[in-house]
Number of protein chains: 2
Amino acid sequence: MTGDRKRPAGSVDVARLAGVSQKTVSRVFNNEPRVSGETRERVLAAARELGYRPNSAARALLTGRHYRIGVVSLGTAHFGPSSLLVALERAARRISYSLSVANSFEEDATGLKAAVDNLLVQGVDAIILSEPVDDEGGEPLVIDVPVLALGAAPVVQAPTVLSVRAAEGGDAAAEVTRYLLGLGHRTVHHIAGPPRWWAARERRHNWHDTLVAAGAEVPESRSGDWTARSGYELGRDLARDPDVTAIFAANDEMAIGVIHALHEAGRDVPGEVSVAGFDDIPVAAHVWPSLTTVGSDNAELAEVGLTYLTDFLNDPEHVPPAPPQHVHQMVIRNSTARPSA
Amino acid sequence: MTGDRKRPAGSVDVARLAGVSQKTVSRVFNNEPRVSGETRERVLAAARELGYRPNSAARALLTGRHYRIGVVSLGTAHFGPSSLLVALERAARRISYSLSVANSFEEDATGLKAAVDNLLVQGVDAIILSEPVDDEGGEPLVIDVPVLALGAAPVVQAPTVLSVRAAEGGDAAAEVTRYLLGLGHRTVHHIAGPPRWWAARERRHNWHDTLVAAGAEVPESRSGDWTARSGYELGRDLARDPDVTAIFAANDEMAIGVIHALHEAGRDVPGEVSVAGFDDIPVAAHVWPSLTTVGSDNAELAEVGLTYLTDFLNDPEHVPPAPPQHVHQMVIRNSTARPSA
DNA sequence: GGGGAGAATGTCTACGTAGTCATTTCGTGC
DNA sequence: GCACGAAATGACTACGTAGACATTCTCCCC
């Protein structure tokens with residue numbers, strides 16, 4: 001009945017059907033004020049009949065705005081990045097933006113640049129670096145749209161670089177380390193994340209400084225790759241050392257791997273060795289023993305960061321003075337205890 | 001030195017600098033054959049100097065192709081969907097497509113429609129439904145681009161609906177159930193996923209049919225929400241029932257929750273109760289006890305599905321006769337064993 | 001050296017929308 | 001009933017690219 005439409009209806013078709021000019025259709029769909037209620041109704045009815053949908057490409061061509069934000073995530077399905085991505089999409093959609101994703105894969109040295117280029121080519125109004133890594137190559141990444149870095153500001157050259165920082169005194173890694181020392185452990189061993197990652201370096205750094213400040217011996221730390229498997233492998237070495245009574249892993253999955261290794265070696269957790277993780281992944285409360293860890297509210301981080309970013313996009317002159325902050329929350333469960341004896 | 005460019009360079013600017021026509025620039029950037037090597041060089045040099053990047057919006061406006069694929073994922077950070085998303089992006093980028101994500105949130109009944117609309121508005125060449133859920137409303141979802149359903153074909157009305165199916169005889173849930181029965185368990189209890197989810201229904205269905213085929217009693221199954229917490233809560237009930245000796249959870253996280261509940265109730269796993277999961281998440285090998293589960297190669301699923309889809313987009317007349325298939329692989333670990341006496 | 005084929009490049013145009021500015025319509029006061 | 005400002009609408013145009021078609025150039029052969 002409606003006739004087959006070879007190509008989708010445009011605002012001109014809607015205008016013809018509604019008996020108005022194309023410009024008026026444009027006005028209706030952009031919620032411009034100078035349109036009478038009756039005309040608006042008529043246009044909307046016509047649009048509905050034709051199944052009209054504004055052409056985003058034409059709009060972007062003309063205005064230069066895409067209403068799309070690119071997110072550089074990492075090529076992993078770890079809980080942190082994944083939940084952040086979900087939260088970002090949700091926050092973006094609420095303000096009528098859409099999200100494009102590009103992953104920077106660990107094994108590919110040029111991954112970050114390739115991911116960013118992929119986003120720039122398709123047209124994005126800004127780029128969010130979720131869990132940034134540093135480019136090893138040394139030459140800074142050139143990005144010609146504003147950048148929001150979540151958690152850190154890596155070496156990028158962009159018109160504007162915004163960031164969401166950890167709250168003052170909210171060094172979560174330090175808090176965990178202090179907590180373990182406070183239980184009576186002589187020192188705390190650390191299993192770090194890959195050093196390329198800003199988050200991994202920061203956690204290691206805070207752990208290190210906390211030990212030094214407390215006058216505790218600083219054991220050598222070794223780096224895993226965030227996976228439970230890497231935690232397991234590094235954990236087997238630690239399990240052999242009877243002096244090890246407390247281990248802080250840079251994320252929960254490695255912590256779970258460490259506990260696995262300790263179990264296998266016959267060392268009780270937390271009886272002989274305390275283990276703490278980082279992230280508070282959903283299973284952390286349900287593994288055996290349940291994991292002491294630090295959670296962060298990724299939903300809020302995404303919401304706050306995205307608002308900060310789009311506020312800037314809408315009014316670049318008016319950069320908020322202070323970047324928003326992000327807080328962590330330690331959760332004490334059963335994988336940590338006072339040292340025996 | 002390069003002078004400030006208020007707006008980014010276009011192909012016209014490049015053409016002027018290179019001393020050629022705009023159309024020739026277009027040819028170079030589209031790898032068209034009729035361009036001499038020397039001209040190509042000159043154009044590329046000019047483009048480099050100006051920092052030229054083809055305007056995707058203009059191209060999309062003219063050609064109607066966006067080289068962008070929309071993925072409807074779910075608003076969760078579970079391993080299955082997340083790893084699939086990562087794999088899809090990787091596969092898409094390899095063939096010069098980009099990916100837009102929209103999440104359909106569980107709590108929002110209109111989530112699926114809203115997610116799809118968000119994708120359609122921004123312009124995508126096709127939509128991938130990862131882990132589809134059925135719209136409860138009953139009225140089918142109308143999508144005016146081709147759709148690829150991974151794992152199932154939900155009720156959508158689209159010009160083309162492709163799907164990737166489970167391989168023949170690859171009923172992974174059936175395989176797990178048979179395996180548990182084969183160990184000597186009288187029957188197998190099941191903790192299902194949310195019934196809206198196609199995957200949850202299918203696993204439950206296969207579990208059910210396998211029990212019936214084996215002449216085993218079919219216990220009532222209850223549904224969780226994929227989280228470890230829901231598995232824990234449902235598991236507490238099962239832990240009280242001494243007849244329960246084998247439990248098959250619809251995903252690994254719920255299985256971990258179930259084991260938690262059993263531990264708490266003092267029931268040994270796998271000594272008294274065997275528990276199997278589904279997905280083979282990375283920590284499954286490292287929890288205590290390590291988890292018997294079923295893994296699937298999401299990277300391959302993404303690769304195969306995306307190739308199938310883009311082949312179709314490039315040549316719609318030539319639909320491959322049979323949809324590609326997807327295989328699962330059972331991994332037996334320490335959470336399952338023969339029933340004790 | 002004229003002709004011709006094919007390679008290389010150019011000209012012109014349309015895609016669908018929103019900005020700019022012009023024009024029409026409406027309501028109000030006198 | 002006329003002037004006048006504001007509200008409502010319209011006409012025209014540009015955005016950056018690629019398709020269709022035209023034109024020029026190159027090389028080779030008789």
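Hydrogens, waters and symmetry mates are skipped; everything else that's a heavy atom, side chains included, is used. Chain A is the first sequence line, chain B the second, and so forth, proteins listed ahead of strands; every chain is numbered from 1.
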*asked:* Looking at every non-hydrogen atom in both residues, tell me the closest pair between A/Arg59 and A/Phe29 and how far apart they are.
replied: NH2-O, 4.4 Å
Tell me what [X] touches on the nucleic acid: a base, only sugar-phosphate, or nothing, going by heavy atoms under 4.0 Å.
X: B/Thr24; value: sugar-phosphate
X: B/Val20; value: sugar-phosphate
X: B/Arg34; value: base
X: B/Ser36; value: sugar-phosphate

d([atom1], [X]; [atom2], [N]) in whole Å:
X: A/Tyr67; N: C/dT17; atom1: OH; atom2: C1'; answer: 13 Å
X: A/Lys23; N: C/dG16; atom1: NZ; atom2: P; answer: 17 Å
X: A/Arg16; N: D/dA11; atom1: CZ; atom2: C1'; answer: 16 Å
X: B/Arg59; N: C/dG16; atom1: CZ; atom2: C1'; answer: 18 Å
X: A/Glu32; N: D/dA8; atom1: CD; atom2: P; answer: 13 Å
X: A/Glu41; N: D/dT9; atom1: CD; atom2: C1'; answer: 17 Å
X: B/Asn55; N: D/dA14; atom1: CG; atom2: P; answer: 17 Å
X: B/Leu61; N: C/dA18; atom1: CG; atom2: C1'; answer: 13 Å

As a test of reading the structure: which of [options] is closest to the side chain of [X], going by heavy atoms?
X: B/Leu62; options: C/dT20, C/dA14, D/dG19; result: C/dA14
X: A/Tyr52; options: D/dT9, D/dA20, C/dT17; result: C/dT17
X: B/Gln22; options: C/dC12, D/dT9, C/dC15; result: C/dC12

_Closest-nucleotide mapping onto DNA chain C: is B/Ala58 or B/Gly19 further toward the 5' terminus? I mean the 5' end._
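Nearest nucleotide further toward 5': that of B/Gly19.
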*Take B/Arg42 and A/Arg53, find for each the nucleotide of DNA chain C with the closest heavy atom, and name the residue whose nucleotide sits nearer the 5' end.*
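Taking each residue's closest nucleotide, the earlier one in sequence belongs to B/Arg42.
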*asked:* Working note: A/Ser100 + B/Ser100, criterion side-chain hydrogen bond (donor to acceptor under 3.5 Å, both in side chains); need CA distance, chi angles, decisive distance, verdict.
replied: CA-CA 4 Å; A/Ser100 274; B/Ser100 274; 3.3 Å; yes
*Is the closest side-chain heavy-atom distance between B/Trp197 and B/Leu74 below 4.5 Å?*
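Yes; the side chains approach each other to less than 4.5 Å.
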*asked:* Any donor-acceptor pair under 3.5 Å linking the side-chain atoms of A/Ser98 with those of B/Gln122?
replied: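 Yes, a side-chain donor-acceptor pair sits under 3.5 Å.
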*Look at B/Arg94 together with B/Glu303 and state whether they make a salt bridge at an N to O cut-off of under 4.0 Å.*
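Salt bridge flag = yes for B/Glu303 with B/Arg94.
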*With respect to the phosphate group of C/dG19, does any side-chain polar atom (N or O) of A/Thr63 fall under 4.0 Å of OP1 or OP2?*
no
*Counting only distance, no hydrogens or angles, is the base of D/dG10 paired donor-acceptor with the side chain of A/Arg27 under 3.5 Å?*
yes
